[in-house]
Amino acid sequence: MGRFYVTTAIPYANGAPHIGHAYERIATDAIQRFMRLDGRETLFVTGMDEFGLKVQQTAAREGLSPQEFVDRVAGEFEAMGEMLNACADDIIRTTQARNVRAAQAIWERMAANGDVYLSTYSGWYSVRDEAFFDESELSPGPDGSKLAPSGAPVEWVEEESWFFRLSAYADKLLAHYAKNPDFVTPEKYLNEITAFVKRGLADLSISRATLAWGTPVPGDPKHVMYVWVDALTNYITATGFPDDGPRAKFWPADAHVIGKDITRFHAIYWPAFLMSAGLPPPRQIVVHGFLFNRGEKMSKSVGNVVSPASLVKAYGLDPVRYFFLREVPFGQDGSYSHEAIVARRNADLANDIGNLAQRSLSMIARNCAAAVPDPREAAPAPEDLAMLARADALLGEARRHMKSFLIHLYVGAVFDVVAEANRYFANAAPWALAKSDPARMRLVLYVTAEVLRIAAILLQPIMPDSMGKLLDLLNVPPDARSFAALEVGDAAGRLDAPHRLEPGRALPPPIAIFPRYVEAAAQ
């Protein structure tokens, strides 16, 4: 099915990772796992944006060199990825020699195209945002000061600067958006970007002469690159650019997964830089919303900042991954709370899929000699075949949702079938059939186990450890856990469809995969 290259945005190395970083990493990891299980050759890249005035100032306050400071922060983000079971294939740090080389190559190509020139910049600059803002974008602050849209203070800056001719790319960008209507998804963000470009683009300051901590501008040692040139270049650095190495085949990237606050940089600046450099833009910018703690923006002053590690410690890794990917409509803002996470863990994981697995596999252990039951001794009823057909249809549903990166809908579709399987199991009452009709009992248990197999394979991108355990309980071989093992063709809904569980295969003793969260035990 081809290659698939996906990236997170690169966090700014100014502090420890927070839950927003964790959400983006988990979502991107789930996308990558889905594509890999669906037969794609994948590349998953993250990185660190480590240059800039804010890092330099923060390092000085802590008595560290900028490099010492960013090394510490980069280590914290790498540890977060490991903790979340969301380790990337590569981590591109803007301080790495390979990214400096790639960024300078992009710069030289833009300059050779006539799109870089030296002038003087005057404007409002936010150290916190590492961005310049027009007067119209500012709001009044205390004591007559001015604030950026983020609420960060701004200061008036006048200095020599290299500029990129962004104004020359408005028509080219609009043509690209029109030709590729899914270039930015969800659509509302593309509409915002299109409206912004139609209002006209000003040339962009892309260097600083008053900053030492940055990527040197080729041929002008007085200047370092302004953050977005070398930061955005990280995405193509991961492919080996400017060399034609083994990863070059992955460019253009299939998806940059980013937060909604940086769409302008990724959907306007980045494709314009690439067009100028004679390189193809990424295929898609995939935008997610913000996370709020009980509906409130996270703030140290409010005291509602929660670390990813504390959530994982309290609720378990896979329940946390599941909660954010199921509860938050991808592309929209979402909220979390202790009550909401516990409700999802207990209702969906412990009660629905966990309880169904425990009850059915325990019955198989007691009544079927701890082996996959043989369903062929009884004639299937319509409800048996309907249950299988509904589960067989899940792969197509999941692919349709993931084509638009609607992770929450894909996960929801799987759990709708799990809920239906619980109703099927309860209505069939195999515990009663054990005495009255053992052959039909075996058929019902087989269908239930088969639905669990399909659900577990599809949910691996969301809960890799837990679904791996469930597939172990079903004795599904490691080489039969990709989505290829769900392809049934014209045999959908039939007991003899390809890849079904093999009757007679021995099963290990059942164990609980998702114990209920009990408040007293957590205190």
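Fair warning: this is a prediction, and the values are worked out from it, not measured in the lab. Residue numbers count from 1 along this sequence.
Under 4.0 Å is where a charged nitrogen must lie from a carboxylate oxygen, and between Asp29 and Arg33 at least one such pair does.
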Verdict with supporting geometry, Asp90 and Arg98, salt bridge (charged side-chain N to carboxylate O under 4.0 Å, His left out): CA-CA 12 Å; Asp90 204 351; Arg98 57 176 170 164; 2.9 Å; yes
Mind running side-chain contact (heavy atoms from CB on, under 4.5 Å) on Val6 and Asp254 for me, showing each step along the way? CA-CA 6 Å; Val6 63; Asp254 293 275; over 6 Å; no
Go through the steps to decide whether Trp107 and Thr215 satisfy the test side-chain contact (heavy atoms from CB on, under 4.5 Å), and finish with yes or no. CA-CA 11 Å; Trp107 183 289; Thr215 299; over 6 Å; no
From CA spacing to verdict: side-chain contact (heavy atoms from CB on, under 4.5 Å), Gln96, Glu50: CA-CA 10 Å; Gln96 292 172 338; Glu50 298 180 346; over 6 Å; no
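Panel note: side chain Arg165, backbone Gly114; a donor-acceptor pair is recorded below 3.5 Å.
The aromatic rings of His288 and Phe330 sit tilted, their planes meeting at an angle between 30° and 60°. The aromatic rings of Phe51 and Trp213 lie perpendicular to each other, with more than 60° between the two planes, well past the 30° mark. The aromatic rings of Tyr315 and His338 are tilted relative to each other, their planes meeting at an angle between 30° and 60°. Relative ring orientation between Phe4 and Phe405 is described as tilted, the plane-to-plane angle lying within the 30° to 60° band. In this pair, Tyr322 and Phe415 present their aromatic rings tilted. The plane angle is within the 30 to 60° band.
Annotation: Glu41, atom CD; neighbour count of heavy atoms from other residues, nucleotides and ligands within 6.0 Å is above 12.
Note that CZ of Arg283 is 11.0 Å distant from NE2 of His256, once rounded to the nearest 0.5 Å. Annotation: the span from Thr58 atom OG1 to Lys54 atom NZ amounts to 7.5 Å, rounded to 0.5 Å. Taking CZ of Arg3 as the reference point, atom NZ of Lys249 lies at 5.5 Å (rounded to 0.5 Å). Expressed to the nearest 0.5 Å, how far CE of Met80 lies from NE2 of His18 amounts to 9.5 Å. Between the CD1 atom of Ile236 and the CG atom of Asn99 there is a distance of 11.0 Å, given to the nearest 0.5 Å. The structure places OH of Tyr169 at 9.5 Å from CG of Leu173, a figure rounded to the nearest 0.5 Å.
Residues satisfying the salt bridge (charged side-chain N to carboxylate O under 4.0 Å, His left out) test with Arg481, not counting sequence neighbours, are Asp472. In this structure Ser145 satisfies the side chain to side chain donor-acceptor pair (under 3.5 Å) test with no other residue, sequence neighbours excluded.
Phe323 has its side chain out of reach of Arg345: every pair of non-hydrogen atoms, C-beta onward, lies at least 4.5 Å apart. No side-chain heavy atom of Val73 sits less than 4.5 Å from a side-chain heavy atom of Asn14.
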Donor-acceptor pairs under 3.5 angstrom involving side-chain atoms of residues 189-201: please list them, not counting sequence neighbours.
{"residue": "Tyr189", "atom": "OH", "partner": "Gly331", "partner atom": "O", "Å": "2.9"}
{"residue": "Thr194", "atom": "OG1", "partner": "Leu190", "partner atom": "O", "Å": "2.8"}

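Judged by a 6.0 Å distance limit and a 45° cone about the ring axis, Arg208 is positioned over the six-membered ring of Tyr125.
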